[in-house]
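Keep in mind that this is a model prediction, so the values were computed, not measured. Excluded from the calculations below are hydrogen atoms, water molecules and symmetry mates; all remaining heavy atoms, backbone and side chain alike, are included.
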Amino acid sequence: MSDHANQAHQAADADVHYDVHATEAKWLPVWTELDPFRADDASPKPKRYALTMFPYPSGDLHMGHAEVTAIHDVIARYWRQRGFEVMNPIGWDSFGLPAENAAIVRDEHPATFTYANIETQAESFKRYAVSFDWSRRLHTSDPEYYRWTQWLFLRFREQGLAYRKNSPVNWCPQDQTVLANEQVVDGHCERCGAEVTKRELTQWYFKITDYAQELLDGLDELESTWPARVVTAQRNWIGRSEGAHVDFPVEGRDEPLTVYTTRPDTLFGTTFMVVAADAPLAAELVSDEQRPAYEAYLAQTRKASDIDRLSTERPKTGVDLGVRATNPVTGEKLPVYAADYVLADYGTGAIMAVPGQDQRDWDFAAAFGLPVRRTVQPPEGWEGEAFTGDGPAINSANDEISLDGLPVEQAKRETIAWLESKGFGRGTVNYRLRDWLLSRQRYWGVPIPVVHCEACGEVPVPDDQLPVELPELRGADLKPKGVSPLAAATDWVNVDCPSCGGPATRDTDTMDTFVDSSWYMFRYCSPGLETAPFDSAQVNAWMPCDVYVGGVEHAVLHLLYGRFFTKVLADMGLVDFREPWSSQVNQGVVINQGKKMSKSLGNGVNLGDQLREFGVDAVRLTLVFAGPPEDDIDWADVSPAGSLRFLQRAWRLSGDVTSPAGTAADGGDVALRRTTHRTVADAAELVESRRFNVVVARVMELVNATRKAIDSGPGGADPAVREAAEAVAVLLSLVAPYTAEEMWERLGHEPTVALAGWPEVDESLLVEDSVTAVVQVQGKVRGRLEVAPDISAADLEALALADPAVVRALEGKTVRKVIVREPKLVNIVAS
RNA sequence: GCCCCGGUAUCCCAAUCGGCAGAGGAAGCGGCCUUAAAAGCCGCGCAGUGUGGGUUCGAGCCCCACCCGGGGCACCA
């Protein structure tokens, strides 16, 4: 056992120390018995919903869990003290790959590993004294939960919001599954880090793009209550751009070649066209003569990884498709190329190339010896290649329209109007956001509740047959084979078609686990409900969540998907709000010695060790006090030992109070009473504005002031001392529940301090009877005056000018100007 | 390359409206207590706020440029 814990345990002089671990052991069962954190749906109190991102059950809790829940719990416990009915639920995001991979290695079932970890984490959360409502606990891998995930999927499908399509998708060769766009980071699998390749597969998608504009617009309202970086990340991700679709007739083809451009004003400068090599369109357009060359190029493109494709340094490659398109504005015949620098799944998969105004097109033109025609006048002395800035249009006129001389924005508008009037194109809004690829070729997830029948095609599993439960597979059965492990469970796969009764097979993919976590906050509002995913009335009563606390790594994935689900549910009439989380807090990460904790660096800090050494309260206090919640915490910079010392100091106050419980504070030492009331008032404001570290600092001040009052002031019998100590206990209950409870008991009260209520602030004690006014001459402090807080500007100016030090400073000078900011400052300008 | 956030004492961090740069903690130093140490208690703060300009009676805070750190986007037409 460590030195610190030893000292705490010995408690030889009981007035100085309390036994941290004995205190934890004492109160935990009492709280379990009292069950003070169960949220009452029927409560008449105003409701608050405090949500923390539910954990994935990987081993035991670590420092990251400790930080997020410590911060989150301050808010939940504060609201409770303020008289709100608080729902603070907990559950587990318990489907997912790590358990499946572990099951393969250990020849087990993923559930064994998963549920064992959940139990471990649950016990740890309880010891960590998080004020969760355990009665609402859920696990996304429970059939009772995923039944409703399937139900929601079917509702989405009915509305055309879940559909199957064949297209090139991101494929992780390591995990042997497809990935959503959001799960590919710099060309690598977000989860395992393997280089992602492309495969052409038929997959399930959610049509999140239908909501692109609303998801973007909704961010305007969230801007003031969500972290700026999350809002920015989502805006970037959605990537709205405004431009036009332009139709280029193609010789020998009825359909025109339609491109998307954000620069319709540069249409006159188009000197060639490019189609994404891997777009079906390219294969359609290519001439017979060029087909072999195209196919060779395509094969080469397919081999290139996203890493290569993402490199902007890479030389431009492509192949002439052997067809000609006509520029609608000039009538010119333009060559059409296939190239890999154009993306198949953005816009129309084809572009009009304007080398004069686009560097990528310039590079391609240079590589293929294609002409350049500038349509925007570059500034004097321009030595660059493509010019993308603003300037007057040039070389942009035909018999019907002239853009020459117009600035870019105006030229765009004119061009779009002309295109629309001629039927050659139209103004368009485009988004970077793609539909959400939700199917996965893995086992430990929600089975997609669809049956494929030769006669009937795609048939949804009827609601009354839900859930479609996972077949029992374990160990080697789960090994990635490129097709879902479910496909091998033939008894499970082969079913009668729900529609015609003929032979059919189940869909063998499972859902992305982000589907599970897109609606769990709704389920918490009516967790046991067996007839629907949630009770709309309860959901509308509790939601949207008043605060959502979690890591910023979910800025675009989970947080965007959850918003999307909410909007769909609102459109289905199931909820009456359109954003699930009205405010959000992102905590930083806990690092050590300037670096991320890792096994290879050997700088890991184990939460269990810290709790054994310093106790729950000291660790929680350290995490909250370290700095603003969103800042990273370097464990080497903070002092859990210092936190423990402070808690002992606070606790000791409760033993030095000699007045009986219930003593009225009136008549107590006014100076201490002022400090107490000021601290309580400030603490409320600071919690509301999420400056938890400052709250702790203010409580430390109050503890110091109370100590002073006991030792060298009015003494422990003064009623103000009791008032202060009780305030300390309540304020500390937000961060250090064990210490606060112990103090509360020693002060003669019944448990639990968590429901003691926020101390009432006496406004009259917040008004000071005098304030210090600073007198400056030329901005330098020359004197101080004790004045009444309501002193008039004229009186303060007169006092200031009469101050001897000021008079001295003004000798030989003429007063030019006097700025008075009563009651705190006077600045005299003189020369 | 573009966009966002941040640089305050040895360290972590405070500083509502532009108004005395310091609330709190860590480390350090000194004292009391102690046979001694630990713990406890008391005391000790001349950094002018990354750099250079500007606005202002007055700038950590506002404006401009730059440096450093962190994050997002990036062949998305």
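- In this structure, of A23(B), G25(B), A77(B), it is G25(B) that holds the atom nearest to the side chain of Met700(A).
- With C1' as the reference atom, A59(B) and C17(B) are 14 Å apart, rounded to whole Å.
- In the set G40(B), A77(B), C57(B), A77(B) carries the atom at the smallest distance from any side-chain atom of Val342(A).
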Side-chain donor-acceptor pairs under 3.5 Å in residues 621-633 of chain A, sequence neighbours left out?
residue, atom, partner, partner atom, Å
Thr622(A), OG1, Ala618(A), O, 2.6
Thr622(A), OG1, Ser643(A), OG, 2.7
Asp632(A), OD1, Val589(A), N, 2.9

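- Using a 4.5 Å cut-off on side-chain heavy atoms (C-beta onward), Val767(A) and Glu763(A) make no contact.
- Heavy-atom nearest nucleotides on RNA chain B were determined for Asn236(A) and for Gly642(A), and the one closer to the 5' end corresponds to Gly642(A).
- Rounded to an integer number of Å, the gap from Arg645(A) CZ to G24(B) C1' is 14 Å.
- G60(B): glycosidic angle beyond 90° from 0, hence anti.
- If you measure from atom CZ of Arg698(A) to atom P of G25(B), you get 13 Å, rounded to the nearest angstrom.
- Contact annotation: Tyr341(A) side-chain N/O to A77(B) OP1/OP2 distance is not under 4.0 Å.
- Residue Asn704(A) is classed as a sugar-phosphate contact, given heavy-atom separations below 4.0 Å to backbone atoms only.
- Separation of the P atoms belonging to A27(B) and G70(B) is 28 Å when rounded to the nearest angstrom.
- For Trp237(A), the listed nucleotide lying nearest its side chain is C73(B); candidates were A27(B), C73(B), A23(B).
- Residue Ser241(A) places at least one side-chain N or O closer than 4.0 Å to OP1 or OP2 of A77(B).
- Between G18(B) and C62(B), the distance separating the two P atoms is 8 Å to the nearest Å.
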For this session: Start with the C-alpha gap between Asp656(A) and Arg707(A), add the side-chain angles, then the distance that decides, and say whether salt bridge (charged side-chain N to carboxylate O under 4.0 Å, His left out) holds.
Result: CA-CA 9 Å; Asp656(A) 291 341; Arg707(A) 182 82 258 153; 2.6 Å; yes
For this session: Show your working on side-chain contact (heavy atoms from CB on, under 4.5 Å) between Glu685(A) and Arg691(A) and close with a plain yes or no.
Result: CA-CA 9 Å; Glu685(A) 206 168 305; Arg691(A) 289 185 292 165; 5.6 Å; no
Problem set entry | From CA spacing to verdict: side-chain contact (heavy atoms from CB on, under 4.5 Å), Asn586(A), Arg229(A) | CA-CA 10 Å; Asn586(A) 291 140; Arg229(A) 53 182 172 168; 4.2 Å; yes
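- Annotation: C29(B) and G48(B) have their C1' atoms spaced 24 Å apart (nearest Å).
- Rounded to whole Å, the C1' atom of C68(B) lies 16 Å from the corresponding atom of U8(B).
- Separating the CZ atom in Phe248(A) from the CE atom in Met273(A) is a distance of 4.0 Å, to the nearest 0.5 Å.
- G45(B) and A38(B) are spaced 24 Å apart, taking the P atom of each and rounding to whole Å.
- Counting to the nearest Å, the C1' atom of A26(B) and the CZ atom of Phe614(A) are 13 Å from each other.
- Remark: P of C5(B) and CG of Asn586(A) are 15 Å apart, rounded to the nearest angstrom.
- In this structure, Phe368(A) and Pro335(A) have side chains that are not in contact, with every pair of non-hydrogen atoms separated by 4.5 Å or more.
- Aromatic pair Phe364(A)/Phe272(A): ring centres closer than 6.0 Å.
- A 4.5 Å side-chain heavy-atom check between Val605(A) and Val590(A) finds every atom pair outside the cut-off.
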Seminar exercise, completed: Its contact letters, B for base, S for sugar-phosphate only and - for none at protein heavy atoms under 4.0 Å, make nucleotides 12-21 of chain B read SSSSB--BB-
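- Residue Ile633(A) contributes atom CD1, which lies 14 Å from atom C1' of G25(B) at whole-angstrom precision.
- In terms of phosphate contacts, Arg240(A) brings no side-chain nitrogen or oxygen within less than 4.0 Å of OP1 or OP2 of C73(B).
- Remark: C1' of C73(B) and CG of Leu343(A) are 14 Å apart, rounded to the nearest angstrom.
- For the pair Asp345(A) and Ser639(A), nearest-nucleotide mapping onto RNA chain B gives the more 5' position to Ser639(A).
- To the nearest whole angstrom, the two P atoms, one in U49(B) and one in U34(B), are 47 Å apart.
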Problem set entry | Check against salt bridge (charged side-chain N to carboxylate O under 4.0 Å, His left out), Arg263(A) and Asp358(A) | CA-CA 10 Å; Arg263(A) 293 295 302 274; Asp358(A) 185 291; over 6 Å; no
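- At whole-Å resolution of the value, OH in Tyr260(A) and P in C75(B) are 16 Å apart.
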For this session: Fill in the dot-bracket string of RNA chain B, one character per base: . for unpaired, | for a pair to another strand, ( ) or [ ] for pairs within the strand, taking Watson-Crick or G-U pairs under 3.5 Å.
Result: (((((((..((((.....[..).))).(((((.......))))).....(((((..]....))))))))))))....
Problem set entry | side-chain contact (heavy atoms from CB on, under 4.5 Å) between Leu785(A) and Val775(A), intermediate numbers included | CA-CA 8 Å; Leu785(A) 303 165; Val775(A) 186; 3.7 Å; yes
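- Between Lys708(A) and G43(B) there is a side-chain N or O to OP1 or OP2 distance below 4.0 Å.
- Using a 4.0 Å cut-off, no side-chain N or O of Arg235(A) falls inside it from OP1 or OP2 of G72(B).
- With a glycosidic angle no more than 90° from 0, C17(B) adopts the syn conformation.
- Note: Arg678(A) CZ to Thr675(A) OG1 = 10.0 Å, rounded to the nearest 0.5 Å.
- A15(B) and A23(B) are spaced 8 Å apart, taking the C1' atom of each and rounding to whole Å.
- Distance CH2 (Trp362(A)) to P (A77(B)): 21 Å, rounded to an integer number of Å.
- Among the nucleotides G24(B), G72(B), A77(B), the one closest to the side chain of Thr261(A) is A77(B).
- Using a 4.0 Å heavy-atom criterion, one finds that Arg816(A) contacts no nucleic acid atom at all.
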